[in-house]
Amino acid sequence: MAGKRFQGEWPKIGIRPTIDGRMGGVRESLENQTMNMAKSVVDLLTSTLRYPDGSPVQCVIADSTIGRVAESAACAEKFRREGVGITISVTPCWCYGSETMDMEPHTIKAVWGFNGTERPGAVYLAAVLAGHAQKGLPAFGIYGHDVQDGGTTEIPEDVRQKLLRFAKAALVVATMRGKSYLSIGSVCMGIAGSVVNTDFFEDYLGMRCESVDEVEIIRRMTEGIYDKEEYESALAWAKTHCKEGKDTINRDDLKKDRAANDKDWEFIVKMTLIVRDLMIGNPKLKEMGFGEEALGHNALVAGFQGQRQWTDFYPNGDFTEAILNSSFDWTSIRAPYILATENDSLNGTAMLFGYLLTNTAQIFADVRTYWSPEAVERVTGKKLEGLASGGMIHLINSGAASLDGSGRQSDDAGKPVMKPFWDISQAEAESCLDATTWMPANREYFRGGGFSSKFLTRGGMPCTMARLNLIKGLGPVLQIAEGWTVDLDPDVHKILDDRTDKGWPTTWFVPRLTDDSNFKDVYSVMNNWGANHGSISCGHIGADLITLASMLRIPVCMHNVPSDDIYRPAAWSAFGMDKEGADYRACQVYGPLYK
């Protein structure tokens, strides 16, 4: 199904070229340099960043440089008309701080003050950031390390990195605003993350919480409220591309025969279409006379309860979750949908953060087991080697691991990655499908049957595991662990995998260790992880997540990101000399972004 997924337009980035307002020589001499700074930022952002649909990020420049308050007001009005949600003020010179600053309460703000000697751009930067702090409007400061010559249009590498880090994170904030989290079902097996906290979504993310009972899926199946032609195409695609594994999972008395398995395939393919339609709608349903159902819930992310009431009676949601989270299906190579298994809305939120920062599919997994080198040797008779020599964490879950997570996409050097959909070749999509076997569901867990994906993630992929938790009396906190996937000796993998859940996808993960007590060894990462689930993104994106969390006023309680890479609003430095304690204090003082 092609077409626009969500209501509204993608948020734009507004560029505010601020200038010394003194006419009669000063302002006139700076007009070209100031506007050229703005244009260079636009060129950088539009050539580097993309929206989730693959289109280039759009920027809007004020109609004139901004030297006095009337021009600030004109810029703000233009930005409101254009749908700007993020602003970057740029200047090579002194400006009148409180007259030229962005005073809009809900825009995410940064200021780049040119490091030059001809005019005091850095002085304005310091002055206006002080104004932002005094008025309770946090802004990110951007100040290049090295002095540049006046009139240059080159953006230094350190400034470039901060501009991109800021813009990527701010686009996530603006994109989430006004969208929905859709719960399909309710609380799963007492998992705290599936107790959806509407206050969190509304106050911190600016999102609605929508909910439908799982019986809506059955109603739509029974009454034929789905695209019949697409269903036939999807079923044929599944039969061709989704290889079914031999049932080595179930006891003989629990194994389904061929006819029953075929019925399960028909059911789970229909279910996948319906869940997608519940999230984003489908204009085809309106043509069929189902106008209300055609609308969807404008859901940027959703969760499916599944266990127990559904899976005790119906085929499980593993196929639906895995395929929707992947970057390809019967329609084409396309953007992933974000769907959390067990309706774990907090892990779904971490998946959403990772997806919007990278435009790539995510792996949802249980943070299942820490395997020490000693335990591995005792069980397998072999020693761990390489990155895994200090032990590893077994990431595994039956549901929402995208097939991209198999690591069968590659960068130019042939190393495993997970790519934005527009960079994935047809051969790579097919390789991910070929690496996946669909095992009959374990009917001791899933009495209704269904199929679960089974793959092994290729080792050597840099990745970041994240998790959002809610703490009573504190609010949301974010955990981050950068590391790598690893390959194990095949015999070691089989022994360890078979004694866990051998019909589910496995990722072996080793975090990067540091001097911090949470990361002194692999065991400590597992021991300090705040919940049973984690979201895994390709790439080391911990610094981007920290910047995003600060925009949302969510403190980070655990991370292994180098200190020099941490980038938060300038006002955070006023809350103490220890960065993490300052983060907690600043988030507490400023409070939720939308409250």
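When a residue number appears, it is its place in the shown sequence, counting from 1.
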Inset, instruction - Classify the ring geometry between W265 and F319 as parallel (under 30°), tilted (30 to 60°) or perpendicular (over 60°). - result: perpendicular

Inset, instruction - Look at E374 together with R378 and state whether they make a salt bridge at an N to O cut-off of under 4.0 Å. - result: no

Inset, instruction - Using a strict cut-off of less than 4.0 Å between a Lys/Arg side-chain nitrogen and an Asp/Glu carboxylate oxygen, indicate whether K419 and E428 qualify as a salt bridge. - result: yes

Inset, instruction - Specify whether W310 and F267 have parallel, tilted or perpendicular ring planes, treating 30° as the upper limit for parallel and 60° as the lower limit for perpendicular. - result: tilted

Legend entry - Ion pair check, D252 and K255, cut-off under 4.0 Å: yes

Inset, instruction - Flag the pair W529 / Y370 as yes when their ring centroid distance falls below 6.0 Å, and as no otherwise. - result: no

Legend entry - CG on L285 to CD on E292, rounded to 0.5 Å: 11.5 Å

Legend entry - Test item: I554 and L468 side chains (from C-beta on) under 4.5 Å apart, heavy atoms: yes

Inset, instruction - Starting at CE of M207, measure out to CZ of F201 and round the result to the nearest 0.5 Å. - result: 6.0 Å

Inset, instruction - For residues S211 and G185, report the shortest heavy-atom separation together with the two atoms involved. - result: OG-O, 4.1 Å

Legend entry - Within-4.5 Å side-chain heavy-atom neighbours: S452 and N442: no

Legend entry - CD/Q7: more than 12 non-hydrogen atoms of other groups inside 6.0 Å: no

Inset, instruction - Any chance you could measure F364, atom CZ, to N397, atom CG, to the nearest 0.5 Å? - result: 5.5 Å

Inset, instruction - Flag yes if more than 12 heavy atoms outside K243 fall under 6.0 Å of its NZ atom; otherwise flag no. - result: yes

Legend entry - Interatomic spacing from CG in D247 to CG in D257 - rounded to 0.5 Å: 11.5 Å

Inset, instruction - Give, for atom CZ of F6 and atom CG of N298, the distance between the pair rounded to the nearest 0.5 Å. - result: 7.0 Å

Inset, instruction - Please determine if D489 and K382 form a salt bridge, counting it only when a charged side-chain N lies under 4.0 Å from a carboxylate O. - result: yes

Legend entry - Salt bridge flag under 4.0 Å for residues R220 and D277: no

Inset, instruction - Look at atom CZ of R208 and say whether more than 12 heavy atoms of other residues, nucleotides or ligands are closer to it than 6.0 Å. - result: no

Legend entry - Cation-aromatic face contact R5/Y337, 6.0 Å, 45 degrees: yes

Inset, instruction - Measure the shortest side-chain to side-chain distance between E293 and R219 over non-hydrogen atoms and say whether it is less than 4.5 angstrom. - result: yes

Legend entry - Atom pair CG/CG of L513 and D521 - distance to nearest 0.5 Å: 7.0 Å

Inset, instruction - Kindly confirm or rule out a cation-pi arrangement of K228 over Y226, judged by NZ or CZ under 6.0 Å from the six-membered ring centre and within 45° of its axis? - result: yes

Legend entry - NZ/NE/NH1/NH2 to OD/OE distance under 4.0 Å, R467 and D344: yes

Would you list the atom pairs, donor with acceptor, under 3.5 Å between side chains in residues 302-309 and any protein atom, with sequence neighbours excluded?
from: Q305; atom 1: OE1; to: S186; atom 2: N; distance (Å): 2.7
from: Q305; atom 1: NE2; to: Q307; atom 2: O; distance (Å): 3.4
from: Q305; atom 1: NE2; to: Q309; atom 2: OE1; distance (Å): 2.8
from: Q307; atom 1: NE2; to: E342; atom 2: OE2; distance (Å): 3.4
from: R308; atom 1: NE; to: D312; atom 2: OD1; distance (Å): 3.2
from: R308; atom 1: NE; to: D312; atom 2: OD2; distance (Å): 3.1
from: R308; atom 1: NH2; to: D312; atom 2: OD2; distance (Å): 2.8

Inset, instruction - Would you mind checking if D497 and K454 are paired as a salt bridge, meaning a charged N to carboxylate O distance below 4.0 Å? - result: yes

Legend entry - No-hydrogen, no-angle side-chain donor-acceptor test under 3.5 Å, W10 and D53: yes

Legend entry - Heavy-atom closest pair, residues L273 and D227: CD2-O, 3.8 Å

Legend entry - Test item: side-chain donor near acceptor, T272 and T320, under 3.5 Å: yes

